**Q** 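The following block contains the structure, expressed as structure tokens.
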Number of protein chains: 2
Amino acid sequence: MALKYVVLTLLSRDAQTGYEIVKTFDTAVGYFWRASHQQVYRELGLLSDAGLASFKLQTQSDKPDKKTYRITAAGRRELMAWLEKPLKPGGNKDALLVKLLNADSKNKDILARELEETRQRTELMLKEYRNIETLHYSADVLDGLPTVERILYLALRKGIRMTEAQLAWLDEAVVTVKNL
Amino acid sequence: MALKYVVLTLLSRDAQTGYEIVKTFDTAVGYFWRASHQQVYRELGLLSDAGLASFKLQTQSDKPDKKTYRITAAGRRELMAWLEKPLKPGGNKDALLVKLLNADSKNKDILARELEETRQRTELMLKEYRNIETLHYSADVLDGLPTVERILYLALRKGIRMTEAQLAWLDEAVVTVKNL
DNA sequence: CTCCCATATGCAACATTGTGCATATACAGT
DNA sequence: ACTGTATATGCACAATGTTGCATATGGGAG
């Protein structure tokens, strides 16, 4: 349901090939949505079957042939309809908490180790996010930013806020588990 | 893959009926994992087919008959194996950010409204969480808490931290979208 | 007496998502 | 020659999640 709208969103900006969309998932969009290339190509096929996107085959001599997809009028309508329909809340699945529910004196060391590793990864992630922020979104740059870039910055801000909260929580969790 | 371990976790504590497990999903566990009753009953069927859980049929005269499930030795082994295997990170799908990527001068009002509504819901949620914390987890209670309760408190703490971060971010997002 | 709610279980169909496998060209480095 | 990386696409199967339907009892409210 949702991947469809992510792809439509990307196509609504520019006509693109599947390969380019995959790269977007690997970089910018990847911070809040992950999809494999298989998923992307399949979704593009479904979209064009449903008449929400169309494609042109472009032959290339130096590289493999490619298909450039563009969103159709029907695709835009579908996307707009989705935008106006409120999202239903919920869906916070947290496997780490499920693991912790199993914590006891026998396995607390294993779980503590996983918590520590998660903590380290989270800390690195936060550093990376903050690094991106200082490098690409300094105060003087922010004003002149086009809309899409502002939203991407907002995505980064969300990453930072959430990662900070996660890190603080992991500290609490480590203490709790160690003292079981 | 994952629902299986949530159900095994719940069964590893107590033998329970499907109905009881469903109620647990609607209350305590619901804060970090949602599942419908259909999913739960199906999963219980799959678990017992796989020999990871067994059940006893109990006839009742006043209420419908019920099946009480208990985890098997194989089920415990499977659960322990999962605990020791590190989780793979990632999977932060955020449909709200996808919507915001579509923001422009035409639809910014609709999106701003959804952001405001989300903000209100988030604020209520945070109040509820904090309320639960003061009511059930006052400082003097925390010491004597059994393990499971401590983990559930940890789940609540995560809810609080994350909801605070979400709320702070939503404030940023509202400002950004209004100024587009 | 009827309607709704809580208790208690489940199938079947469908939609969506994720994983493993497969193919093909060109260029750069070892 | 071989290996890796970038470009470019996709099928098939498995797992997961959603929706609609189906059944059955007992108690309380109106």
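What you see is a predicted model; the values in this text were computed from it and never measured. Here is the naming used below: chain letters follow the sequence lines, and residue numbers restart at 1 for every chain. Excluded from the calculations below are hydrogen atoms, water molecules and symmetry mates; all remaining heavy atoms, backbone and side chain alike, are included.
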**Q** With sequence neighbours left out, what residues match B:Asp104 under side-chain contact (heavy atoms from CB on, under 4.5 Å)?
**A** B:Lys106, B:Asn107
**Q** Kindly write out the residues that satisfy salt bridge (Lys or Arg N to Asp or Glu O under 4.0 Å) with B:Lys4, not counting sequence neighbours, or none if the list is empty.
**A** B:Glu78
**Q** If the cut-off is 4.0 Å, is B:Gln60 near the phosphate of C:dA8, judged by side-chain N/O to OP1 or OP2?
**A** yes
**Q** To the nearest angstrom, how far is B:Tyr41 atom OH from C:dG10 atom P?
**A** 7 Å
**Q** Determine which pairs satisfy side chain to side chain donor-acceptor pair (under 3.5 Å) with at least one residue from residues 170-180 of chain A, sequence neighbours left out, and list them in order.
**A** A:Glu116-A:Lys178, A:Arg119-A:Asp171, A:Glu172-B:Arg157, A:Glu172-B:Arg161
**Q** side-chain contact (heavy atoms from CB on, under 4.5 Å) with A:Tyr19: which residues, sequence neighbours excluded?
**A** A:Thr17, A:Lys23, A:Tyr41
**Q** NA contact type, A:Thr68, heavy-atom cut-off 4.0 Å: base, sugar-phosphate, or nothing?
**A** nothing
**Q** Can you sort out the partners of A:Glu84 under salt bridge (Lys or Arg N to Asp or Glu O under 4.0 Å), two or more places apart, ordered by chain and number?
**A** none
**Q** Transitive ILVMFWY cluster of A:Leu124 at side-chain heavy atoms under 4.5 Å: who else is in it?
**A** none
**Q** If you assign A:Lys63 and B:Lys63 each to the DNA chain D nucleotide with the nearest heavy atom, which residue ends up on the more 5' nucleotide?
**A** A:Lys63
**Q** Salt bridge between B:Glu114 and A:Lys85, side-chain N to carboxylate O under 4.0 Å?
**A** no
**Q** May I ask you to say what B:Tyr69 touches in the nucleic acid, namely base, sugar-phosphate or nothing, with a heavy-atom cut-off under 4.0 Å?
**A** sugar-phosphate
**Q** Quick one: ring-ring contact (aromatic ring centres under 6.0 Å, His included) partners of B:Trp169, sequence neighbours excluded?
**A** none
**Q** How close or far is atom C1' of D:dT25 from atom CG of B:Asp65, stated in whole angstroms?
**A** 10 Å
**Q** How large an angle, rounded to 10°, do the end axes of the helix from C:dC1-D:dG30 to C:dT30-D:dA1 enclose when each is built from five base pairs?
**A** 20°
**Q** Reading nucleotides 14-23 of chain C 5' to 3', which nucleotides get B (base under 4.0 Å from a protein heavy atom), which S (sugar-phosphate only), which -?
**A** --SBBBBBB-
**Q** Take atom CD of B:Gln58 and atom C1' of C:dT7, then tell me their distance rounded to the nearest Å.
**A** 14 Å
